[in-house]
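Residue numbers start from 1 in every chain, and the chains themselves are labelled A, B, ... in the order their sequence lines are given, proteins ahead of strands.
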4 protein chains.
Amino acid sequence: LTISGHSWYIDSIAFNPDGEFLASSSNQVIKIWRVKDGQEVCNLNGHANSVYSVAFSPDGEYLASGSSDKTIKLWRCDRSK
Amino acid sequence: LTISGHSWYIDSIAFNPDGEFLASSSNQVIKIWRVKDGQEVCNLNGHANSVYSVAFSPDGEYLASGSSDKTIKLWRCDRSK
Amino acid sequence: LTISGHSWYIDSIAFNPDGEFLASSSNQVIKIWRVKDGQEVCNLNGHANSVYSVAFSPDGEYLASGSSDKTIKLWRCDRSK
Amino acid sequence: LTISGHSWYIDSIAFNPDGEFLASSSNQVIKIWRVKDGQEVCNLNGHANSVYSVAFSPDGEYLASGSSDKTIKLWRCDRSK
């Protein structure tokens with residue numbers, strides 16, 4: 001299964017704890033994908049510069065992202081969409 | 001134990017959750033190895049550019065790879081081979 | 001939630017095992033944040049050069065950091081502050 | 001606690017699963033340290049070029065290392081030393 005949708009190099013990827021979702025960062029954009037069919041479930045914009053690391057919290061509630069814009073963001077994604 | 005087989009720098013490595021297999025990426029190529037004897041069990045080709053991150057899903061079913069070719073791929077490897 | 005406070009690129013991030021805290025490194029400085037409100041709970045200074053990796057121990061007691069200053073440091077942060 | 005002993009930048013660090021040991025790589029050299037006192041318990045030489053990633057197997061038996069020398073090595077360290 002190939003997941004396309006980002007417009008630049010994939011900088012980092014991370015599964016959520018139950019393996020149902022996969023987060024990826026590419027340039028300033030973070031996306032969350034459903035593993036079983038590769039559908040994009042969230043598109044997280046807001047960072048002003050490249051995001052080099054993404055990590056799910058152990059309970060899967062939050063996705064943290066560290067960026068070259070000097071900030072860390074904590075995201076929640078409504079995955080029922 | 002030394003595992004050889006890649007033709008370029010090893011960019012990333014990851015164990016599967018039960019520790020029986022190890023995935024590695026080097027340039028566009030991803031390989032999965034059996035830990036106990038270092039045998040190659042899968043050779044995953046398909047990315048058009050360097051793969052900088054590999055991660056197993058928590059249940060070990062999938063290997064995700066993020067690449068400079070702007071795509072993410074989800075792989076299943078028939079390890080019984 | 002956006003966490004600001006670092007003065008340079010965010011190099012690495014890591015959740016502690018129970019997901020209550022998030023560590024980040026930026027240049028020589030490591031900070032630990034409370035996830036629920038983004039408050040800084042520890043500011044860890046001491047490395048003489050950039051810190052490129054941070055990792056919590058599995059029991060959450062220690063944060064390890066690897067730096068370009070050729071040392072590794074193990075930190076404990078009094079999070080009750 | 002500051003752990004010194006490497007002669008170059010620390011490239012990667014990883015705790016073993018029970019948190020008792022910490023592995024680090026710096027240039028071609030990998031070392032394993034006891035967390036409680038910072039003592040070096042293993043010095044793993046053999047790679048011909050920089051080691052950019054180290055990872056313990058989930059059961060803690062092996063340390064895998066991926067290197068610019070195009071090989072992956074699996075190490076066991078007699079920690080009772």
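When all heavy atoms of Pro58(A) and Pro17(C) are compared, the pair lying nearest together is CG-O, 3.1 Å. Heavy atoms only, all atoms of each residue included: Ile13(C) and Gly66(A) are closest at CD1-N, 3.7 Å. Taking all atoms of both residues into account, the shortest heavy-atom contact from Phe15(C) to Phe56(C) is O-CD1, 3.3 Å.
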Yes or no on side-chain contact (heavy atoms from CB on, under 4.5 Å) for Ile32(C) and Leu44(C), after CA distance, side-chain angles and deciding distance? CA-CA 8 Å; Ile32(C) 297 181; Leu44(C) 307 170; 4.1 Å; yes

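Side-chain contact check for Leu74(C) versus Leu63(C): every heavy-atom pair is 4.5 Å or farther apart. Between Leu22(C) and Ile72(A) the shortest side-chain heavy-atom distance falls below 4.5 Å.
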Donor-acceptor pairs under 3.5 Å, chain C to chain A, main chain and side chains both?
residue: Leu1(C); atom: N; partner: Leu74(A); partner atom: O; Å: 3.2
residue: Leu1(C); atom: O; partner: Leu74(A); partner atom: N; Å: 2.8
residue: Thr2(C); atom: OG1; partner: Lys73(A); partner atom: NZ; Å: 2.6
residue: Ile3(C); atom: N; partner: Ile72(A); partner atom: O; Å: 2.7
residue: Ile3(C); atom: O; partner: Ile72(A); partner atom: N; Å: 3.0
residue: Ile10(C); atom: N; partner: Ser67(A); partner atom: O; Å: 3.1

